[in-house]
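In what follows, a single structure is set out as structure tokens and then discussed.
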Amino acid sequence: MSASSAAPARAPHATDLDRLAIDTIRTLSMDAVEAAKSGHPGTPMALAPVAFTIWKEFLRYDPANPAWPNRDRFVLSCGHASMLLYSLIHLAGIRRGGSADATRDVPAVSLDEIKKFRQLESVCAGHPEHHMTAGIETTTGPLGQGCGNSVGMAMASKWLAAHYNRPGHEVFDYDTYVLCSDGDLMEGVAAEAASIAGHLGLSNLCWVYDDNSITIEGETHLAFTENVGQRFEGLGWRVEHVADANDAAALRKALQAFKSEQKKPALVIVKSVIGYGAPKKAGSHEAHGAPLGPDEIKGAKASYGWPADAAFLVPPEVPEHFAKTFGARGKQAHEAWQRTVADYSKAHAASAGELHDFLDGRLPAGWESAIPTFPADAKGLASRVSSGKVIQALSASVPWFLGGSADLAPSTMTLVPGAGDFEPGSYGGRNFHFGIREHGMASACNGMALSGLRPYCATFFVFLDYLKPALRLSALGNPTCSRTTRSASAKTARRISRSSSSRAPAPCRAWRCFAPAMQTKLPRPIARSCSGPTGRP
């Protein structure tokens, strides 16, 4: 199939190859959902031109090295549209990366895996799973969590830049792009995270909002009539509008505005048609959460100028186009970064060792020796005091161990004297002030952990339920150190710690402090949470 005959000239200022790539993303998504008899085809069909433009022209990412620490992050917060991401990963040629064994150069998502979408053992799960597939930056099943994680990723980039960059040696300057939906922006965690980002002025963060006016139950006006742009302007964000998701030139202009912004995060509101191209279901909630059916798929493919009976068709021009644009730019950027790190090591020997420890996922030598011990005492030392002392010790020996509390630092003893505050325009401090936003705090800390930092967050036990969804996701692969405190007798504390609702899931790196402390060494879960790779495991 030639590029010139693949698709009609619908997208303004898009080349024939661009349209061919966009329609390949659309048709792969439709075909995979149809084969699985389950999934969400409409949003990938609508957002294919948006995601393609971000990847082709803006996202800085080396497909051969998906764990490159200074890569731009791309988060699909509307995780139900997972086939959009799997199609991109496949067409962009992202490799598994990571270890040096024979699997390093294997495709992260092969066409065979796409054909097994939503099936047992496939890397193409129903929603993106960070621990399963290279190219996925975070697990985004529950709506809003990707938005919250992205704020932590942007915070990590700002902190790393403030801590390690030197004149002429910019080791960290990555941006974070997010695709989010009406459902994401209805969730409270996204609102909390957006408030944090606006307050901090995270100019390296861009949310692209798919304003398609459709949810599962019907049109969004059933429950969602607010002016999203005005809300985000009130939160301190820059807001851009794109009237048609197919208008690559308008989207490019909006993203260039984000790149030029120095003081605010950006929200790009994009109007799209869910199920774009489907003859009867386009613009309907029927295109949202179920296969289109054979007739609608044939009709949609016909509207793209695509062979109606061809399934899982990938024209060879499309991966080549990705390689010459997205891939080539990412490889060049990665190689330039490697030269920067090498020059940095020569010019700044004093901090180079610490930087390489971080990049390699190593804890600094001798870090554990600084941890205090607490002699046995019948009366006991309040755990908030003893754990605060441990935090002080870890902060002194592990530079990227940092965090804060949901406006409770004086009580949870999480403030580190002399470590500075992470605040608007000054991002080198290690004390984070999350405000009274427990859920947004925990979700952002997951994003920081996914960026290689080792964050902790704290609140009172009575507020634990406010952050529990993010804690659960931490258990699925984000090594965040959570901490709850409560003034209580030992007997009461034991009852609390045994309750099923308060016990962290088994894999979670959680530090639970309830009763007067009797431990004499650092709990092992914290030691594990402070180590690990910078990028994907």
_Shortest non-hydrogen separation from Pro291 to Lys281 and the atoms involved_ = O-NZ, 4.0 Å
*asked:* With a 6.0 Å cut-off on the ring centroids, do Tyr177 and Phe258 count as close?
replied: yes
*Under 4.5 Å between any side-chain heavy atoms of Phe312 and Ile114, yes or no?*
yes
*asked:* Between Asp210 (side chain only) and Cys180 (backbone N and O only), is there a donor and an acceptor less than 3.5 Å apart?
replied: no
*Might you point out which heavy atoms bring Ser77 and Leu143 nearest each other, and give the distance in Å?*
O-CD2, 3.9 Å
*Does the ring center of Trp55 lie less than 6.0 Å from the ring center of Phe74?*
yes
*Verify the neighbour count for atom CD1 of Ile216: are there more than 12 heavy atoms of other residues, nucleotides or ligands below 6.0 Å?*
no
*Of all residues at least two apart in sequence or in a different chain, which pass the salt bridge (charged side-chain N to carboxylate O under 4.0 Å, His left out) check with Glu57?*
Arg252
*Without swapping roles, check the side chain of Asn227 against the backbone of Gly229 for a donor-acceptor pair under 3.5 Å.*
yes
*Quick check: does any side chain N or O of Tyr276 sit under 3.5 Å from a backbone N or O of Ala245, one acting as donor and the other as acceptor?*
no
*Going through the distances and angles, do Asp31 and Lys301 end up as a salt bridge (Lys or Arg N to Asp or Glu O under 4.0 Å)?*
CA-CA 11 Å; Asp31 290 340; Lys301 289 179 177 178; 2.9 Å; yes
_Would you say the ring centers of Phe52 and Phe322 fall short of 6.0 Å from each other?_
yes
